[in-house]
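Before any comments, here is the structure.
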Amino acid sequence: MNIDKVPESVGKEIEVKGWVWRKRESKNIIFLILRDSNGVAQFTVNEDQPFFKDAQEITMESSVIMKGIVNEDKRSPTGYEIKTTGMEIVQIAERYPITKDQSTEFLLDVRHLWLRSRKMTAIMKIRSTVVGAIHEFFRDRGYIEFDPPIFQPSQCEGGSTLFEVKYFDKKVYLTQSWQLYAEAAVFALEKVYDMSPTFRAEKSKTTRHLSEFWMAEMEAAWMKLDEVTEVAKDEIRFIIQQVLKKNKKELELLGRDVKLLEHYAKSEYPTIKYKEALKIINEKHGMNVKWGKDLRTLEEAKIAEHFGVPVVVTHYPTEIMGFYKPPSKEDPKEALCFDMIAPEGYCEIIGGSERSLLVDDMEKRLKAEGEDPKNYDWYFDLRKYGSVPHSGYGVGVERVVAWVCGLDSIRDAIAFPRNMIRFKP
Ligand code: 4AD
Ligand code: MG
């Protein structure tokens, strides 16, 4: 039986398979708190019981199969106490290296064990809901799942964060984004999405960057900026709604402000232009950011704080944007692109744009970035045969999980985080 069924079993004998999470001992009684993937439950063993000696020997994280009769008991941390009627030790654990109050770095070193903590268990469950929600969102709307190659011959998001891989006697890169390949797919499937590992050699050790993360991307033929930003807002609201529906218990365990999430789940999110964002931070928040500068975390945080909900910022300066983000016709200095910025300091969670159809302009911009446009021949082909407007965006899965869970660092949003200084275990 799963531990979360204990409250329904008062007066009955139950059997639970699990691990010893906590143990308290007095002279004539032992309290064993068991955990399984669903929760914790307190068992008691009295000195007159035949397995009292076994219970004395048991250590933290030992695996056991316990039988007992459930009673309500206000003194128990869970409100229930199970009087043990049978106990089978599956394995006595060696001295568990994780004790109270250990450093974050140590917990990362023993991540393979720390995954069992109630905190990590809760986060992994919420992550699973987020991932499931993304699939459901797109499939329900007729998007086709389309998988990209992970080995790619060229960059999508700037050469400085590429991971090089020896590829027989040649050199390739790990994918920075699925986007360029998705652009090929929309001419066949029109609406596609995907969620897959993404790699960036980020030289920063921030609480928001991983070198291996999961990006959930979408791409749609015929779609323009105003439409694609609305899809992004709907997706984020849907993710939060699903987490609220399925993970109340986990959110509570993490101490997350559920009221705030409920607010995000049903609010409208504003769309503002980059130049309006500058006005807000410069005029209302005493900053001095000049037109043409990319927004830093600090500035993004102020913008989202100003509205108290996620904000879509569009029309960033073309000059500082990737080669595929097209200049607007009205004002070519502004690109038809957007970021979604999450509140509470979580900042950019989505990046997207319309896709440029101007081959000459893209060639020029690639050259300026030190790229050989010849490597993009196939991509430019897409503009030659039945080209249509199209748009897409990418959601940083871990950024969303970190925000929804209210985590201090993105590292806890993924089971085995990789960053500049860590690739083990
Ligand atoms: O803004 P980015 O770089 O956009 C793209 O890669 C586009 N090609 C996506 C598209 O249009 N299909 O990345 C998208 C999102 C960011 O907003 C951020 O949430 C996340 O991916 N992201 C990272 N997450 C964790 N660690 C990193 N190093 C990240 N880099 C980007
Ligand atoms: Mg971005």
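Atoms within each ligand, like the ligands themselves, are counted from 1 in listed order.
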Practice task
Heavy-atom contacts with Ile350 under 4.0 Å: which atoms of ligand 1 show up? List them by number with element.
Solution key: 17 (O)

Practice task
Please confirm whether His209 comes within less than 3.5 Å of ligand 1 when only nitrogen or oxygen atoms on both sides are compared.
Solution key: no

Exercise for the section: Pick one of side chain, backbone, both or neither for how Arg208 approaches ligand 1, counting any non-hydrogen atom pair under 4.0 Å. Expected result: backbone

Handout entry: Centroid-centroid distance, Tyr96 to Trp19, less than 6.0 Å
Key = no

Handout entry: contact_flag Glu202 ligand 1 heavy-atom lt 4.0 Å
Key = yes

Problem - Residues Glu145, Arg139: salt bridge by 4.0 Å N-O rule - result: yes

Practice task
Give a yes/no on ligand 1: does Ile410 have at least one heavy atom closer than 4.0 angstrom to it?
Solution key: yes

Handout entry: ligand 1 atoms in contact with Ser177 (distance to a heavy atom under 4.0 Å)
Key = 6 (O), 7 (C), 8 (N)

Fill in the blank from the handout: Nearest non-hydrogen contact to atom 17 (O) of ligand 1 from the set Lys325, Glu348, Gln176, Glu212 belongs to Glu348

Problem - Metal proximity, Glu348 vs the Mg ion (ligand 2), N/O/S cut-off 2.8 Å - result: yes

Completion exercise
for atom 13 (O) of ligand 1, nearest protein heavy atom and its distance come out as Met215 CE, 3.6 Å

Practice task
Look at ligand 1 and say whether Tyr324 reaches it with a heavy atom at a distance under 4.0 Å.
Solution key: yes

Exercise for the section: Quick one: look up the protein heavy atom nearest atom 18 (C) of ligand 1 and list residue, atom name and how far away it is. Expected result: Arg399 NH1, 3.5 Å

Problem - Contact check: Arg200 vs ligand 1, nitrogen or oxygen atoms, below 3.5 angstrom - result: yes

Handout entry: Ligand-side contact atoms (ligand 1) for residue partner Ile349, heavy atom cut-off under 4.0 Å
Key = 17 (O), 19 (O)

Completion exercise
the protein heavy atom lying closest to atom 7 (C) of ligand 1 turns out to be Glu157 OE2, 3.3 Å

Practice task
Considering only non-hydrogen protein atoms, determine which one is nearest to atom 20 (C) of ligand 1 and report residue, atom name and distance to 0.1 Å.
Solution key: Gly396 CA, 3.6 Å

Practice task
For residues Phe138 and Tyr193, establish whether the separation of their ring centroids is below 6.0 Å.
Solution key: yes

Handout entry: Per-atom contacts, ligand 1 versus Glu217 - under 4.0 Å to a heavy atom
Key = 9 (C), 10 (C), 12 (N)

Practice task
Output yes when Glu227 and Lys224 qualify as a salt bridge under the 4.0 Å nitrogen-oxygen rule, no when they do not.
Solution key: no

Problem - Sub-4.0 Å atoms of ligand 1 with respect to non-hydrogen atoms of Gly394 - result: 9 (C), 10 (C), 11 (O), 12 (N), 14 (C), 15 (C)

Exercise for the section: Determine whether Phe187 and Leu382 make a side-chain contact, defined as any pair of heavy atoms from C-beta on separated by less than 4.5 Å. Expected result: yes

Practice task
State, yes or no, whether a side-chain contact exists between Leu108 and Pro417 at a heavy-atom distance under 4.5 Å.
Solution key: yes

Practice task
Examine Gly352 against ligand 1 and note whether any of their N/O atoms are separated by less than 3.5 Å.
Solution key: no

Handout entry: Donor-acceptor side-chain pairing of Lys245 and Thr129 below 3.5 angstrom
Key = no

Exercise for the section: Specify side chain, backbone, both or neither for Tyr393, according to which of its non-hydrogen atoms lie closer than 4.0 Å to ligand 1. Expected result: backbone

Exercise for the section: Look only at interatomic distance and state if Asp339 has a nitrogen or oxygen under 3.5 Å from any nitrogen or oxygen of ligand 1. Expected result: no

Practice task
Answer whether the closest heavy-atom distance between the side chains of Leu251 and Leu244 falls below 4.5 Å.
Solution key: yes

Practice task
Please confirm whether Met218 comes under 4.0 Å of ligand 1, counting heavy atoms of the residue only.
Solution key: no

Exercise for the section: For this output row, return yes or no: ring centroids of His112 and Phe416 closer than 6.0 angstrom. Expected result: no

Problem - From NZ (Lys17) to CD1 (Ile65), nearest 0.5 Å - result: 5.5 Å

Problem - Close approach, Arg355 and ligand 1, non-hydrogen under 4.0 angstrom - result: yes

Exercise for the section: Using the side-chain contact (heavy atoms from CB on, under 4.5 Å) rule, pick out the option among Val401, Asn247, Val404 that qualifies with Arg127. Expected result: Val401

Exercise for the section: Can you sort out which atoms of ligand 1 are near Gly392, meaning under 4.0 Å from one of its heavy atoms? Expected result: 11 (O)

Fill in the blank from the handout: Of Trp378, Tyr379, Phe151, the one forming a ring pair (Phe, Tyr, Trp, His ring centres under 6.0 Å) with Tyr181 is Trp378

Handout entry: Closest protein heavy atom (residue, atom, distance) for atom 22 (N) of ligand 1
Key = Phe213 CE1, 3.4 Å

Practice task
State, without any angle test, whether Glu157 and Tyr324 hold a side-chain donor-acceptor pair at a distance under 3.5 Å.
Solution key: yes

Handout entry: Pair Arg365 + Glu319: basic N to acidic O under 4.0 Å
Key = no

Exercise for the section: Just need the protein heavy atom nearest to atom 28 (N) of ligand 1, so name the residue and atom and give the distance. Expected result: Leu210 O, 2.9 Å

Practice task
Compare all side-chain heavy atoms of Trp214 with those of Val131 and state whether any distance is below 4.5 angstrom.
Solution key: no

